[in-house]
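Owing to the predicted nature of the structure, the values given are computational and were not obtained by experimental measurement. Sequence positions, counted from 1, serve as the residue numbers for this chain. Computed over heavy atoms, backbone and side chain alike; hydrogens, waters and symmetry mates excluded.
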Amino acid sequence: MAALTLTIVTPDREVVRDEVVSLVLAPSIDGQVGILPGHAPLVTSLAAGTLEIRRDGSSGYLSVIGGFMEVMNNNVVVLAEASEYAEDIDNARAERARDNSEQDLSVARQTGDQDLRMRAHQALSRAKARLQTTERARGV
Ligand code: ATP
């Protein structure tokens with residue numbers, strides 16, 4: 001049966017290299033997009049969220065933080081700002097990042113600091129994507 005080959009690259013490292021999977025569910029900026037073998041060529045922007053892969057009847061979950069996904073000839077390539085397997089996510093760190101960014105957001109609201117507001121909003125999205133990914137991996 002036809003399959004997909006998935007690669008996920010960030011500026012730091014290659015998180016997934018040529019992994020053979022049967023389905024990719026990715027968080028595009030327009031909502032979740034499902035890629036099966038034989039999918040038409042596609043380029044889409046990704047939001048911060050969870051990317052799910054299926055292989056051998058089991059699922060795997062990764063956080064992806066922004067970037068792009070390209071699909072062509074059953075090759076799926078994700079270029080993300082950051083990405084981690086659920087198993088590699090430090091949940092306590094993500095909770096700290098969430099709490100800090102919520103505090104920053106409240107300071108930004110009080111002071112009207114738009115730059116802080118934007119940075120805190122982005123940091124909160126990254127933290128939420130990581131926490132959501134570990135939850136989905138745990139089947140919550
Ligand atoms: P923090 O404030 O905890 O550093 P961040 O959202 O600012 O979080 P990023 O800039 O997105 O972090 O990522 C920096 C590097 O740290 C990347 O290599 C990313 O994969 C890694 N990283 C960030 N948060 C976590 C986490 N909770 N668990 C594992 N790796 C993480």
pair Arg98-Leu124: side-chain heavy atoms closer than 4.5 Å = yes
query = How about Asn75 and Glu70: do any of their side-chain heavy atoms sit closer than 4.5 Å?
reply = no
Same cluster or not: are [X] and [Y] linked, directly or through other Ile, Leu, Val, Met, Phe, Trp or Tyr residues, by side-chain heavy atoms under 4.5 angstrom apart?
X     : Y     : result
Tyr85 : Leu4  : yes
Ile65 : Leu51 : no
Val76 : Leu36 : no
Ile89 : Val64 : no
Val33 : Val71 : yes

Donor-acceptor contact present, side-chain [X] to main-chain [Y], <3.5 Å:
X      : Y      : result
Thr134 : Ala86  : no
Ser83  : Ser63  : yes
Asn74  : Gly38  : yes
Ser106 : Glu102 : no

Point-to-point distance, once rounded to the nearest 0.5 Å, from [atom1] of [X] to [atom2] of [Y]:
X      : Y      : atom1 : atom2 : answer
Met118 : Asp113 : CE    : CG    : 10.5 Å
Ile53  : Leu6   : CD1   : CG    : 6.0 Å
Leu46  : Leu79  : CG    : CG    : 9.0 Å

What's the shortest heavy-atom distance between [X] and [Y], and which atoms?
X      : Y      : value
Asp104 : Leu116 : O-CD2, 3.6 Å
Phe68  : Ser45  : CE2-OG, 3.6 Å
Glu81  : Gly67  : OE2-N, 4.1 Å
Pro37  : Ala3   : CG-CA, 3.9 Å
Ala120 : Ser101 : O-CB, 3.4 Å
Leu42  : Ile35  : CD2-CD1, 3.8 Å

ask   = Within a radius of less than 6.0 Å around CZ of Arg117, do more than 12 heavy atoms belonging to other residues, nucleotides or ligands occur?
value = no
task = Report the residues that fulfil salt bridge (Lys or Arg N to Asp or Glu O under 4.0 Å) with Arg96, sequence neighbours left out, ordered by chain and then residue number.
result = none
task = Sequence neighbours left out, what passes salt bridge (Lys or Arg N to Asp or Glu O under 4.0 Å) with Glu95? Give chain and number order.
result = none
request  = May I have the step-by-step check of side-chain contact (heavy atoms from CB on, under 4.5 Å) for Arg54 and Leu25, ending in yes or no?
outcome  = CA-CA 9 Å; Arg54 301 236 176 100; Leu25 289 169; 4.0 Å; yes
query = Is there a donor in the side chain of Ser22 and an acceptor in the side chain of Arg55, or the other way round, less than 3.5 Å apart?
reply = no
query = Do Gln122 and Arg119 meet the criterion of a side-chain donor-acceptor pair at a distance under 3.5 Å?
reply = no
note = Residue set satisfying side chain to side chain contact (heavy atoms under 4.5 Å, CB included) with Arg13, at least two apart, ordered chain then number -> Thr10, Val15, Glu84
